[in-house]
2 protein chains.
Amino acid sequence: MKRIDTHTITGLLRKHGICPTSQRVKIAMALFSSMTHPSADQLLGAVNSRKAEVSKATVYNTLNLFLEKGLVREVIVDPSKVLYDPNTSDHHHFYDIVTGELSDIDASKVSIPVLPPLPGNRIFDGVDIIIRTRPAAA
Amino acid sequence: MKRIDTHTITGLLRKHGICPTSQRVKIAMALFSSMTHPSADQLLGAVNSRKAEVSKATVYNTLNLFLEKGLVREVIVDPSKVLYDPNTSDHHHFYDIVTGELSDIDASKVSIPVLPPLPGNRIFDGVDIIIRTRPAAA
DNA sequence: TTCGTTGCAAACCCTTTGCACGCAC
DNA sequence: GTGCGTGCAAAGGGTTTGCAACGAA
């Protein structure tokens with residue numbers, strides 16, 4: 001649980017061209033202080049843990065807005081739900097296929113030496129590397 | 001469209017411990033001759049293109065069975081649907097984020113030089129590398 | 001007969017959408 | 001007053017499940 005103050009968050013939102021309404025600030029606070037990769041549903045629960053403050057639709061809309069504005073990244077490892085990654089620096093992921101746990105890998109540790117030629121008339125957009133693991137004990 | 005005969009498919013199914021019923025053979029034929037990465041829905045359409053031969057539930061059940069038995073791989077790039085990859089050899093993917101097209105990259109072209117240390121008490125299961133692209137023309 | 005497989009429809013879950021209300025400027 | 005943001009509920013779409021019918025050994 002990282003300590004993040006409201007002022008930092010509102011500044012961050014504004015810097016990305018997002019009007020910092022109270023709901024958006026609450027969602028951003030939950031996301032950036034989590035240090036994990038929460039799903040929309042987990043965020044909804046985190047924000048409303050004390051009392052209902054934000055609706056489900058607003059969480060989804062807000063996350064899509066953050067995504068569009070480059071404030072968060074989407075991590076797609078489980079077909080049943082999308083995870084959101086508050087870390088936008090260059091990095092990759094370990095994914096435990098049994099527990100569903102996701103953790104970061106610094107990009108410097110797994111860089112690809114040579115980018116293969118892109119097919120057709122395409123331009124590079126990014127690379128996702130997911131290293132799948134399983135718990136060691138049977 | 002690869003040429004694949006029924007006999008090859010039934011042998012393949014049996015080798016993986018799957019009883020080759022007529023529906024399963026049809027689904028496997030469609031999948032292995034496609035040379036793309038079809039979704040469950042596309043396979044359903046392909047198998048039933050002439051007349052209804054297999055139900056939707058059977059397609060999903062069969063694909064999950066194939067997955068479990070290691071006959072196909074799952075490719076998760078789009079949260080809205082799972083794609084199935086008949087190529088189980090070691091390879092990775094280009095994914096066009098606009099058109100949704102997926103194409104293979106031979107593993108030798110993008111190998112990771114050093115595997116980073118796994119977190120906690122985990123064992124390696126595999127690596128997925130997805131190189132995202134966009135069409136070049138604006 | 002017996003057990004595994006199939007088909008249908010309904011259930012499920014996550015996510016998106018439509019529309020009215022509310023707040024800020 | 002105008003426009004964006006929000007909440008609610010309903011719709012949407014892919015996937016799974018329950019159960020009866022079916023089919024091969």
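The chains referred to below are lettered A, B, ... by the order of the sequence lines, with proteins before strands, and numbering in each begins at 1.
In this model, the phosphate group of dT6(D) is approached by a side-chain N or O of Thr21(A) to a distance below 4.0 Å at OP1 or OP2. Under 4.0 angstrom from either OP1 or OP2 of dT6(C) there lies no side-chain N or O belonging to Thr58(B). For Tyr60(A), no side-chain nitrogen or oxygen approaches OP1 or OP2 of dT16(C) to under 4.0 Å.
Between Asp96(B) and Arg134(B), none of the side-chain N atoms (NZ, or NE/NH1/NH2) sits under 4.0 Å from a carboxylate O, so this pair counts as no salt bridge.
Asp78(B) has its CG atom 17 Å from the P atom of dC14(C), to the nearest Å. Atom pair Leu63(A):CG and dC14(C):P shows a separation of 15 Å (rounding to whole Å applied). In this entry the distance linking NZ of Lys56(A) with P of dG5(D) reads 23 Å, nearest Å. Remark: C1' of dT16(D) and CD of Glu74(B) are 14 Å apart, rounded to the nearest angstrom. The distance between atom NZ of Lys81(A) and atom C1' of dT16(C), rounded to the nearest whole Å, is 18 Å. Protein atom OH of Tyr84(A) is 6 Å distant from nucleotide atom P of dT15(C), rounded to whole Å. Regarding Asn61(B), its CG atom lies at a distance of 9 Å from the C1' atom of dT17(D), rounded to whole Å. Look at CD on Glu53(A): it is 13 Å from P on dT6(D), rounded to the nearest Å.
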Go through Ile9(B) and Asp5(B) one step at a time and tell me if the side-chain contact (heavy atoms from CB on, under 4.5 Å) criterion holds. CA-CA 7 Å; Ile9(B) 290 292; Asp5(B) 62 278; over 6 Å; no

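In this model, a donor atom of one side chain and an acceptor atom of the other lie less than 3.5 Å apart for Asp104(A) and His37(A). Side chains of His92(A) and Asp106(A): no donor on one and acceptor on the other come within 3.5 Å.
The side chain of Arg24(B) lies closest to dT5(C), out of dC8(D), dG7(C), dT5(C).
Ser80(A) comes within 4.0 angstrom of sugar-phosphate atoms only, judged by non-hydrogen atoms across all strands, and of no base.
The minimum heavy-atom distance linking His16(B) with Lys69(B) is given by the pair ND1-O, 3.1 Å.
Nearest-nucleotide mapping onto DNA chain C: of Thr62(B) and Pro79(B), the residue sitting toward the 5' end is Thr62(B).
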